[in-house]
Amino acid sequence: MERTLIGDLRSKIGQSVTVQGWLQVLRDQKKMQFLVLRDQTGAVQIVVEKAASPDQAALISTCGVESALTITGKVIDNPIVKLGGIEMQLESIEVNNNAAIPLAFEPFNDTLPALDFRMDWRYLELRRPENLLIFKIQTTAEMAMREFWLKNGFIEIHSPKMVGTPSEGGAELFSLDYFGRPAYLAQSPQFYKQMAMAAGFERVFEIGPAFRADPSFTSRHMTEFISIDAEISWIDSHEDVMSMQERLLQYTYQKVKDAHGDEIKARFGIDITVPTLPFPRLTMAEAQQILKERNYSVPADKKGDLDPGGERELGQYIKEKYNHEFVFLKDWPIEVRPFYHMRHADNPKLTKSYDLIAKGLEITTGAQREHRRDILEKQALDKGLNLDILSGYLDYFKFGCPAHGGFGMGLSRLLMVMLGLESVREAVFVFRGPNRLEP
RNA sequence: GGGGGCGUGGUGUAGCGGCUAACAUGCGGCCCUGUCAAGGCCGAGAUCGCGGGUUCGAACCCCGUCGCUCCCGCCA
């Protein structure tokens, strides 16, 4: 028999239908059994008269909660039933996969085990509707971004994740053996996006994994994460990149709000605010001044950079002054930016770069890239880098590369901020960290 | 990598020098019941992360160690 979704049962009253899902509750009484079966669309009570079907009743008694069941029965309108005023009378049941007793933990309890323990049994935790919702939202958000980019003439690329040369630095690279020679997991699609610019793709995006061998133990770091990247050509400055990104985020927030706004409010207590354009912008110099006025002292060794506390303070300032969740922090000093960020023509100490801070959390770095090979080489040498290692990259700028720039944004960080989650570990399907390689 | 915090039945917590280690939830049994956050009674389940020390006495204090976690560094 064809499967009926539990959410559609109201329209099937009087009919015999088949539902499939997980056993939420079993109330096993002397004469009767009441089961609550849950699927993604809802939950329904199933009644069993033990005397009428003793064999099935005996089978049901062996079922642990969270067992996967297929149940056929007649849909009855019954106002007495608190669960939707509807129930099913059992006709037949198939136990697809019994759940062992006891469960590793009870995913629907009021109190849950610590996050680290839950991660050992991630699939159980993901059965909670609010967790399911996170990934429905992620799906909507990614689709919205693709939609936005396609409407604006972007091409999707998939850059290699196994690379032969480190893009820069090297301390945070995972290395692997590639048929006897060293290889690395890509930290970023950065250079390949730029290669696409040199190829004349003009506008590209990629949503894919990035790997960082940083032993960072924070609520916002992962060793493998999904990076949302975009790169555009023929720009005048990093302002063009920010303009594209803010429109992208506005579009994405609107789509998420349209599709899930009510459920997000119900599950997370958060009103999705579609950001207004333009996002507030501050130069780093202005940001430093504002922090000083607010008596927030950035550690002396930061040299024009910000610490996470400063970012949170700035997020609070933007909220108060502009009632906005986002702020572009732009024009960072060259000391704290990589060699390939373009510098201001009228101020060689400042880069044409930005970070996007969302509710006080850094979720993006973007910039106009330096596309003039001779200047790029000079900037690399200034940073003490070896031009031989970079030669493949520098060759992108040998045969006609347009001015360009782009950004990288952490998908899970975006979701974390959007939904007010405490940790990226909740916002990612399966977490990877320095001490977490399973499941 | 640096600093702080925490490790007590399956899970979440209480206890912080003198207990047969408590409570909730889950699990098992019985009773009751068209139940529905079900209810009632009974029961099993913890050598209090591990090792050492202080003490008449340690879950509790000290040292070490491992694990987790948060903050910083670094970043998306």
Side-chain angles (χ1 to χ4, degrees), chain A residues 24-36 43-50 61 64-66 76 78-87 89 99-121 124-125 168-169 171-172 187-190 207-229 245 298-299 301-302 305-312 336-338 355-358 361-366 407-417 422-425 427-428 433-436:
Chain A
Q24 180 90 15
V25 181
L26 170 59
R27 284 186 275 273
D28 201 344
Q29 302 183 172
K30 192 172 238 174
K31 295 176 187 165
M32 314 185 73
Q33 288 168 325
F34 298 91
L35 335 202
V36 175
V44 67
Q45 169 167 290
I46 293 119
V47 214
V48 185
E49 298 263 8
K50 281 189 168 178
S61 292
V65 290
E66 293 302 316
I76 306 292
N78 187 347
I80 294 169
V81 179
K82 293 181 181 174
L83 189 60
I86 204 174
E87 69 183 3
Q89 291 177 340
I101 299 170
L103 289 164
F105 72 95
E106 295 79 46
F108 291 90
N109 243 19
D110 291 339
T111 56
L112 291 173
L115 183 58
D116 191 60
F117 182 90
R118 267 141 54 201
M119 282 194 284
D120 289 338
W121 298 97
L124 278 184
E125 175 176 32
E168 164 190 1
E172 57 183 25
Q187 305 154 282
S188 157
Q190 171 69 27
I207 301 176
F211 305 88
R212 306 273 166 93
D214 276 327
S216 286
F217 300 93
T218 75
S219 56
R220 62 187 186 282
H221 282 86
M222 297 188 275
T223 48
E224 174 177 353
F225 65 95
I226 300 300
S227 184
I228 300 165
D229 280 87
Q245 193 184 1
V298 177
D301 59 331
K302 297 298 287 187
D305 201 348
L306 282 185
D307 61 328
E311 290 174 352
R312 287 191 290 269
V336 295
R337 289 309 214 192
D355 274 9
L356 177 61
I357 311 292
L361 180 71
E362 176 183 341
I363 64 169
T364 286
T365 296
F407 69 83
M409 174 165 62
L411 174 60
S412 299
R413 284 193 182 181
L414 177 65
L415 287 168
M416 175 184 171
V417 164
E422 286 183 9
S423 171
V424 280
R425 298 172 201 195
V428 67
N435 296 326
R436 176 58 71 167

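When reading the values below, keep in mind they use all heavy atoms of this one structure, side chains included, and skip hydrogens, waters and symmetry mates. A note on names: the letters A, B, ... follow the listed sequences, proteins ahead of strands, and every chain is numbered from 1. Everything quoted here is computed from the prediction, not taken from an experiment.
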Residue matched to B:G73 through Watson-Crick or wobble contacts both under 3.5 angstrom:
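Because no pair has both required distances under 3.5 Å, B:G73 counts as unpaired.
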
Selected nucleotide, minimal atom distance to [X] side chain, candidates [options]:
| X | options | answer |
| --- | --- | --- |
| A:Met119 | B:U35, B:U69, B:C70 | B:U69 |
| A:Ile363 | B:C72, B:G34, B:A76 | B:A76 |
| A:Thr218 | B:G73, B:A37, B:G34 | B:G73 |
| A:Glu172 | B:C74, B:A76, B:G28 | B:C74 |
| A:Asp307 | B:G73, B:A76, B:G34 | B:G73 |
| A:Ile101 | B:C72, B:U69, B:G28 | B:G28 |

Nucleotide by nucleotide, 5' to 3', does protein get under 4.0 Å of the base (B), only the sugar-phosphate (S), or neither (-) in nucleotides 1-12 of chain B, counting heavy atoms?
B--------BSS

Nearest atoms (heavy-atom pairs only) where [X] meets [Y]:
| X | Y | result |
| --- | --- | --- |
| A:Met32 | A:Val47 | CE-CG1, 3.6 Å |
| A:Glu362 | A:Ile357 | CA-CD1, 4.0 Å |
| A:Ala427 | A:Met416 | CB-N, 4.2 Å |

Would you mind reading off the distance between [X] atom [atom1] and [N] atom [atom2], rounded to a whole angstrom?
| X | N | atom1 | atom2 | value |
| --- | --- | --- | --- | --- |
| A:Ile357 | B:C75 | CD1 | P | 13 Å |
| A:Lys30 | B:G34 | NZ | C1' | 15 Å |
| A:Leu361 | B:C71 | CG | C1' | 15 Å |
| A:Ile228 | B:A76 | CD1 | C1' | 10 Å |
| A:Leu411 | B:A76 | CG | C1' | 11 Å |
| A:Arg27 | B:G26 | CZ | P | 12 Å |
| A:Asp28 | B:C31 | CG | P | 13 Å |
| A:Gln45 | B:A38 | CD | P | 11 Å |

Look at all strands and tell whether [X] reaches a base, only sugar-phosphate, or nothing, counting heavy atoms closer than 4.0 Å.
| X | result |
| --- | --- |
| A:Asn435 | sugar-phosphate |
| A:Arg118 | nothing |
| A:Ser412 | nothing |
| A:Val81 | base |
| A:Glu87 | base |
| A:Arg425 | sugar-phosphate |

Does some side-chain heavy atom of A:Gln187 sit less than 4.5 Å from a side-chain heavy atom of A:Phe211?
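Result no, sub-4.5 Å side-chain heavy-atom pair not found.
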
Heavy atoms, side chains only, cut-off 4.5 Å: are A:Val25 and A:Leu35 in contact?
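No. Closest side-chain heavy atoms not under 4.5 Å.
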
Inter-nucleotide [atom1] distance ([N], [M]), Å rounded:
| N | M | atom1 | result |
| --- | --- | --- | --- |
| B:G9 | B:C23 | C1' | 12 Å |
| B:G73 | B:G17 | P | 38 Å |
| B:C16 | B:A58 | C1' | 11 Å |
| B:U55 | B:G3 | C1' | 32 Å |

Between A:Thr364 and A:Gln245, do the side chains contain an N or O donor and an N or O acceptor separated by less than 3.5 Å?
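Their side chains do contain a donor-acceptor pair, which is all the 3.5 Å distance test asks for.
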
Between B:C68 and A:Arg436, counting only base atoms on the nucleotide and side-chain atoms on the residue, is there a donor-acceptor pair under 3.5 Å?
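Flag unset: no donor-acceptor pair detected.
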
Under the salt bridge (charged side-chain N to carboxylate O under 4.0 Å, His left out) criterion, do A:Arg425 and A:Asp116 qualify, and how do the steps go?
CA-CA 9 Å; A:Arg425 298 172 201 195; A:Asp116 191 60; 5.7 Å; no

Pick the closest RNA chain B nucleotide for A:Ser227 and for A:Ser423 by heavy atoms, then say which residue is nearer the 5' end.
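Of the two residues, A:Ser423 wins.
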
Which is it for A:Asp305 and A:Arg337 under the salt bridge (charged side-chain N to carboxylate O under 4.0 Å, His left out) test, yes or no, and what are the steps along the way?
CA-CA 10 Å; A:Asp305 201 348; A:Arg337 289 309 214 192; over 6 Å; no

